[in-house]
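Comments concern the structure below.
All heavy atoms count here, side chains included; hydrogens, waters and symmetry mates do not. Below, read A as the first sequence line, B as the second, and so on, with proteins coming before strands; counting in each chain starts at 1.
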Number of protein chains: 2
Amino acid sequence: MQTAAQASDRIFDALADPSRRALFESLARGEAAVKDLTARFDISQPAVSQHLATLRRAGLVNGRREGRLVYYRVEPKGLRPLVDWLTYHRVFWTEHLDRLQALLANMGDA
Amino acid sequence: MQTAAQASDRIFDALADPSRRALFESLARGEAAVKDLTARFDISQPAVSQHLATLRRAGLVNGRREGRLVYYRVEPKGLRPLVDWLTYHRVFWTEHLDRLQALLANMGDA
DNA sequence: TCAATACATAAGTGCCCACTTATGTATTGT
DNA sequence: ACAATACATAAGTGGGCACTTATGTATTGA
């Protein structure tokens, strides 16, 4: 079992690093292979792989191998613990957050 | 001026630290003086003050002096850049889903 | 089977930051 | 004015982590 607190712990930690957030945001626009990401950013390939591993452990992305390439993409349910954290602190909600939760509720069944 | 990206940068960084998140969560239940927070957590008073300063720079809390005490509380609008960040990326994902659905619909016709 | 490509992992390193103790500043009470 | 309390800031330190280079593992094609 794994608590929501532990999950949001790893998510906050994963998204705290600017490079990782940039990688995540890049993947949010569409899946990409490690090779592509390495070309986009000015860090070494191992650095990219290490960041991707951290994002994957946080449940934010997943990867699938296809031949020599490994394509990564965002995990749709990944950000849910973050939304839950915001909701728990009944923070300030706005119609934005309500709509976001509705979307997550629809997708969360996968 | 200050961009939303820069704001969410500081918010992610501020909330990445477990001690700071614990302080924020404690303040979310009600305002408290530095003295109270120092009593609640097992870290020194300077550590508490430093964390509060980081949270304040991130726009997550504010403090008001009342005599010798300084009472901190959460800043209601503080988490909004985080909500905006979530919403922004969720938009991209839903666009992808829409395209996927369109693609599946076309395949069904074939 | 051998070379080349793509990626992951190992190993090493420098820097940042989360703590500490020490000290400064503000406020209150006597 | 002086002592005591509450907090902020300064200064120093150890550990972690975000990089690097080096190497290992898969996969492909010739």
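Two residues are said to be in side-chain contact when any heavy atoms from C-beta on lie closer than 4.5 Å; A:R80 and A:W85 fail this criterion. Looking at heavy atoms from C-beta onward, A:Y72 lies out of side-chain contact with A:L23 at the 4.5 angstrom threshold. Side-chain contact between B:L37 and B:S26 is present, with at least one heavy-atom pair separated by less than 4.5 Å. Considering only heavy atoms from C-beta on, B:I11 stays 4.5 Å or farther from A:F12 through its side chain.
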Which is it for B:E66 and B:R64 under the salt bridge (charged side-chain N to carboxylate O under 4.0 Å, His left out) test, yes or no, and what are the steps along the way? CA-CA 6 Å; B:E66 197 161 304; B:R64 93 190 128 80; 2.3 Å; yes
Protein-proximity profile, nucleotides 9-15 of chain C, B/S/- by nucleotide at the 4.0 Å heavy-atom cutoff, equals BB-----
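Residue A:R73 places its CZ atom among 12 or fewer non-hydrogen atoms of other residues, nucleotides or ligands, all under 6.0 Å distant.
In the region residues 15-23 of chain B, proximity to DNA chain D at under 4.0 angstrom, judged on heavy atoms, holds for none of the residues.
Annotation: of the two residues near DNA chain C, B:R65 and B:H51, the 5′-most nearest-nucleotide partner is B:H51.
We find that CZ of B:R68 is positioned 7 Å from C1' of D:dA6, with the value rounded to whole Å.
A 3.5 Å limit on both hydrogen-bonding distances identifies D:dA8 as the Watson-Crick or G-U partner of C:dT23.
Using a 4.0 Å heavy-atom distance criterion, A:Y72 is classed as a sugar-phosphate-only contact.
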